[in-house]
Amino acid sequence: MLLVNTIREKFEDAVIGLQKRNFPQAEETLKQVLELDNKRKEAQNERDNLQAESNSISKEIGMLMKSGKKEEAEKAKARTGEIKAQVKTLEEAYNQIEEELKHLLYSIPNIPHDSVPAGKSADDNIVMLENGNIPVLNDDKLPHWELIKKYDIIDFDLGVKITGAGFPVYKGKGARLQRALINFFLDEAVKNGYSEVQPPILVNEDSGYGTGQLPDKEGQMYEATADKLFLIPTAEVPITNLFRDVILQEQDFPIKNAGHTPCFRREAGSWGAHVRGLNRLHQFDKVEIVQISHPDKSYEALEDMSIYVQSLLQKLELPYRVLKLCGGDMGFTSALTYDMEVYSAAQERWLEVSSVSNFETYQANRLKLRYKSEDKKTNLAHTLNGSALALPRIVAAILENNQTAEGIKMPKVLVPYLGFDKI
RNA sequence: AGAGAGGUGUCCGAGUGGUUGAAGGAGCACGCCUGGAAAGCGUGUAUACCCGUGAGGGUAUCGAGGGUUCGAAUCCCUUCCUCUCUGCCA
């Protein structure tokens, strides 16, 4: 969530930023935050002063008791009754204001970076660059949902039998392709200085709050209600939460973690014509990269991550483009997001396979993820993450783009992982 | 899952109702001492919020949340976690 101090000090910028996101009543809402915060301070002052008085009387009583002046102690006790009741009232008032403020802050998205264009939808995103050759396929080209049947490598019907729609079963070379991609992505990440982690894929509520899935977005996650745990929608949640309530030293930066996990998304109400086959699933695999960065270095880190993700796509020989998301299309917690899309040649459309974001202090504030600077001050760190990469659409593009009459050619870089070069 | 023990500051560890944000030790930082180092000595060493230009002051925090009390690290309740034994299990 946003820092109240930031809102106070950069009010105009914050309003303009939120307007870029089409956040309704930006100015009114931010004013309300400041008013509530002022009320909070007043309430705290009142409460603290009274509590201080009560504390000092209690100490007095303690001293009187020690020195055997029982009667005077009793007199002092009588005085405290009233104060106690008042403190309780003030305490409740304070808590209510604080709660209200917190809820309001939870409802406000991150302020976009200056360079983020205003815009309403994906149509307003900016194409930063396009790379790679779009293959020219014969007229008998097949979309991946046909190819997987033809070669019997991914079975949606079996998944329906076991679980339901959106839970495919990978078989034979399909399963091996999955495993090869995961290993390839992890190896590349390690080569690029990321340290590999294997986090839990069920997380508690605190973790959900830490990265911003909670409150309000619990509908997106599968929940194990008996234990109040959530199946992760992305490894961002457990990996970033590794650093919840942590105070780092400046020399700890940058922290670079990478991990593979399955991801689970309910995707309630988002089914339609464009989500056939592997395009949208309830369960899929993804390798995620996470960086914890010094605030001065986080945009460098973001560029770094973007270039790294692109290097994977180049090695997989997939045509891709990089988008800078507009305010209206960015995630709630992000300040700047690049989306990487690959071209899937049979569907003849671009598929998002990675989303790389800088959250600045928005997540760190919730996470209480801080660092001690040289001058011994504690400041919030910056968090970033990105997919590197999400498997299903990569698989879709590999299958579609490389189909030939003799079978589907595998990218060279995967062959050592696969043990075969063609499906 | 059952029985028992326990969760205190960066770490170890004392503390069972009264100026305890918390003894003592270790570590770390700075200073003194030294030719240099070690030892020794001294000082300092949490987080959040609030008040104050500042020095400084206030409030809260001893796993978390409630309660009893004028006063709680200390008593009570709930909850989470760790350890030991038993059970179960990949």
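Every chain is numbered from 1 and lettered A, B, ... according to where its sequence line falls, protein lines coming before strand lines. A quick note: this is a predicted structure, and the numbers were derived from the prediction, not measured.
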For atom [atom1] of [X] and atom [atom2] of [N], their distance in whole Å:
| X | N | atom1 | atom2 | result |
| --- | --- | --- | --- | --- |
| Leu64(A) | C70(B) | CG | C1' | 11 Å |
| Leu369(A) | A48(B) | CG | P | 13 Å |
| Asn379(A) | U47(B) | CG | C1' | 14 Å |
| Asn204(A) | G65(B) | CG | P | 15 Å |
| Tyr371(A) | U47(B) | OH | P | 14 Å |
| Asp206(A) | U79(B) | CG | C1' | 13 Å |
| Glu205(A) | C81(B) | CD | P | 14 Å |
| Asp227(A) | C81(B) | CG | P | 10 Å |

Is [X] touching bases, backbone alone, or none of the nucleic acid, heavy atoms closer than 4.0 Å?
| X | answer |
| --- | --- |
| Thr80(A) | sugar-phosphate |
| Ile57(A) | nothing |
| Lys372(A) | sugar-phosphate |

Name all residues meeting the side chain to side chain donor-acceptor pair (under 3.5 Å) criterion together with [X]; count only those two or more places apart in sequence or in a different chain, and write none if there are none.
| X | answer |
| --- | --- |
| Tyr338(A) | Glu303(A) |
| Lys315(A) | Glu188(A) |
| Thr337(A) | Ser334(A), Ser357(A) |
| Thr234(A) | Lys286(A) |

Integer angstrom distance from the [atom1] of [N] to that of [M]:
| N | M | atom1 | result |
| --- | --- | --- | --- |
| C62(B) | G9(B) | C1' | 8 Å |
| A64(B) | G52(B) | C1' | 34 Å |
| U16(B) | G65(B) | P | 24 Å |
| A23(B) | U43(B) | P | 14 Å |
| G4(B) | A60(B) | C1' | 34 Å |
| A73(B) | G63(B) | C1' | 12 Å |
| C11(B) | G27(B) | P | 16 Å |
| A1(B) | G87(B) | C1' | 7 Å |

>> Judged by each residue's nearest nucleotide on RNA chain B, which is more toward the 5′ side, Asn95(A) or Met63(A)?
In response: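 The residue closer to the strand's 5' end, by nearest nucleotide, is Met63(A).
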
>> On RNA chain B, compare the nucleotides closest to Gly62(A) and Arg40(A); which residue's is nearer the 5' end?
In response: Gly62(A)

>> For Ala235(A) versus Cys263(A), what's the shortest heavy-atom pair and its separation?
In response: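 What the structure gives for the nearest pair is N-SG, 4.3 Å.
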
> For the residue pair Val116(A) and Leu325(A), what are the closest heavy atoms and their distance?
Replying inline: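 Looking at all heavy atoms of both residues, the shortest contact is CG1-O, 3.6 Å.
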
> Can you name the ring-ring contact (aromatic ring centres under 6.0 Å, His included) partners of Tyr209(A), sequence neighbours left out?
Replying inline: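 Partners of Tyr209(A) by the ring-ring contact (aromatic ring centres under 6.0 Å, His included) criterion, ordered by chain and then number, come out as Tyr106(A).
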
>> Applying ring-ring contact (aromatic ring centres under 6.0 Å, His included), can you list everything that pairs with Phe167(A), at least two apart in sequence or on another chain?
In response: His282(A)

>> Give me each pair satisfying salt bridge (Lys or Arg N to Asp or Glu O under 4.0 Å) with a member in residues 228-244 of chain A, each pair once, sequence neighbours excluded.
In response: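 Non-adjacent pairs meeting salt bridge (Lys or Arg N to Asp or Glu O under 4.0 Å): zero.
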
Name the pairing partner of [N], where a pair is Watson-Crick or G-U wobble with both distances under 3.5 Å, or state none.
| N | answer |
| --- | --- |
| G21(B) | none |
| U82(B) | A5(B) |
| G65(B) | C77(B) |
| A55(B) | none |
| C32(B) | G40(B) |
| G87(B) | none |
| G27(B) | U45(B) |

Distances for protein N/O vs nucleotides 58-60 of chain B N/O pairs under 3.5 angstrom?
residue	atom	partner	partner atom	Å
G58(B)	N2	Gln44(A)	NE2	3.3
G58(B)	N2	Asp48(A)	OD2	3.1
U59(B)	OP1	Asn55(A)	ND2	3.3
U59(B)	O2'	Asp48(A)	OD1	3.2
A60(B)	OP2	Asn55(A)	ND2	3.4

Protein and nucleotides 51-53 of chain B: nitrogen or oxygen contacts under 3.5 angstrom:
none

> What do you reckon, are the aromatic ring centroids of His294(A) and Tyr371(A) less than 6.0 Å apart?
Replying inline: yes

> Between Glu98(A) and Lys102(A), is there a side-chain N and carboxylate O pair less than 4.0 Å apart?
Replying inline: no

> Which nucleotide sits closest to the side chain of Thr378(A): C70(B), C50(B), U47(B)?
Replying inline: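 From the listed options, U47(B) comes nearest.
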
> Out of U19(B), C50(B), U69(B), which has the shortest distance to the side chain of Lys84(A)?
Replying inline: U69(B)

>> According to side-chain hydrogen bond (donor to acceptor under 3.5 Å, both in side chains), does anything in residues 412-421 of chain A pair up with another residue at least two apart or in another chain? List the pairs.
In response: Asp187(A)-Tyr417(A)

>> Below 4.0 angstrom, which residues in residues 239-252 of chain A have at least one non-hydrogen atom near RNA chain B?
In response: Ile247(A)

Please tabulate, one pair per line, all N/O donor-acceptor pairs under 3.5 Å involving side-chain atoms of residues 47-55 of chain A, not counting sequence neighbours.
residue	atom	partner	partner atom	Å
Asp48(A)	OD2	Gln44(A)	NE2	3.2
Asn49(A)	ND2	Asn45(A)	O	3.2

>> Please report the interatomic distance CD1(Ile408(A)) to NZ(Lys173(A)), rounded to the nearest 0.5 Å.
In response: 10.0 Å

